[in-house]
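Data first, discussion second: the structure below is written as structure tokens.
Values below: all heavy atoms of this structure, side chains included; hydrogens, waters and symmetry mates excluded.
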Amino acid sequence: MSALRKEALKLYKTLQRTKDQVFKGDRRTIEAARQRIREEFVKNKDLQSEKDIREKLKIAQDVDVELRSTVVQAVKVDENLYQAKITGDTKKLDNVMFDPNAKLPPPRSKKCSDRGK
């Protein structure tokens, strides 16, 4: 078995585990993600060019990172209360309060015909 094939199978399994962790408890989303991951790998199984294969593997790695770091699952706890499931991989950004006295640029004109004059 070639090294690229082994890497593709490893990434396939990694993505399947990632979707189980990220969407834990949401059977419908887990099933949809499972099917989508499988479809993408099957669709590209006959690629021959090493460059094309590496490009697809890079996309798969990026998808794994994106799922782990940006998807936050919200679970309904009460009538008007949801709890976010944040993991150690979740990207957390600092909240910056909006300054109501900030000078904002005026909105751009929506007229396309003004361009080029």
Any Lys/Arg nitrogen of [X] or [Y] sitting under 4.0 Å from an Asp/Glu carboxylate oxygen of the other?
X	Y	value
R68	D64	yes
K56	D52	no
R34	E31	yes
K10	E7	no
R54	E50	yes

(request) Please lay out, stage by stage, how Q16 and K19 fare under the test side chain to side chain donor-acceptor pair (under 3.5 Å). (result) CA-CA 5 Å; Q16 294 292 357; K19 65 110 171 94; 3.3 Å; yes
Compare every heavy atom of [Y] with every heavy atom of [X], then report the nearest pair and how far apart it is.
X	Y	answer
F23	I30	O-CD1, 3.4 Å
F41	A8	CE2-O, 3.4 Å
E79	K76	O-CE, 3.3 Å
V72	A84	CG1-CB, 3.7 Å

So how far is it from [X] [atom1] to [Y] [atom2], rounded to the nearest 0.5 Å?
X	Y	atom1	atom2	value
D20	L15	CG	CG	11.0 Å
T29	R27	OG1	CZ	11.0 Å
E39	R36	CD	CZ	6.5 Å
L67	D62	CG	CG	11.0 Å
L11	I59	CG	CD1	11.5 Å

Could you tell me whether the side chain of [X] and the main chain of [Y] form a donor-acceptor pair under 3.5 Å?
X	Y	result
T90	T87	yes
D78	N80	no
Q73	K24	yes
K85	Q83	no

Whether over 12 other heavy atoms sit under 6.0 Å from [X] [atom1]:
X	atom1	answer
K45	NZ	no
K51	NZ	no
F98	CZ	yes

(message) Applying a strict under-4.5 Å side-chain criterion to I, L, V, M, F, W and Y, I'd like to know whether V65 and Y12 cluster together.
(response) no
(request) Find out whether Y82 and V75 are in side-chain contact, i.e. whether some heavy atom of one side chain is under 4.5 Å from a heavy atom of the other. (result)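 Not touching, per the 4.5 Å side-chain cut-off.
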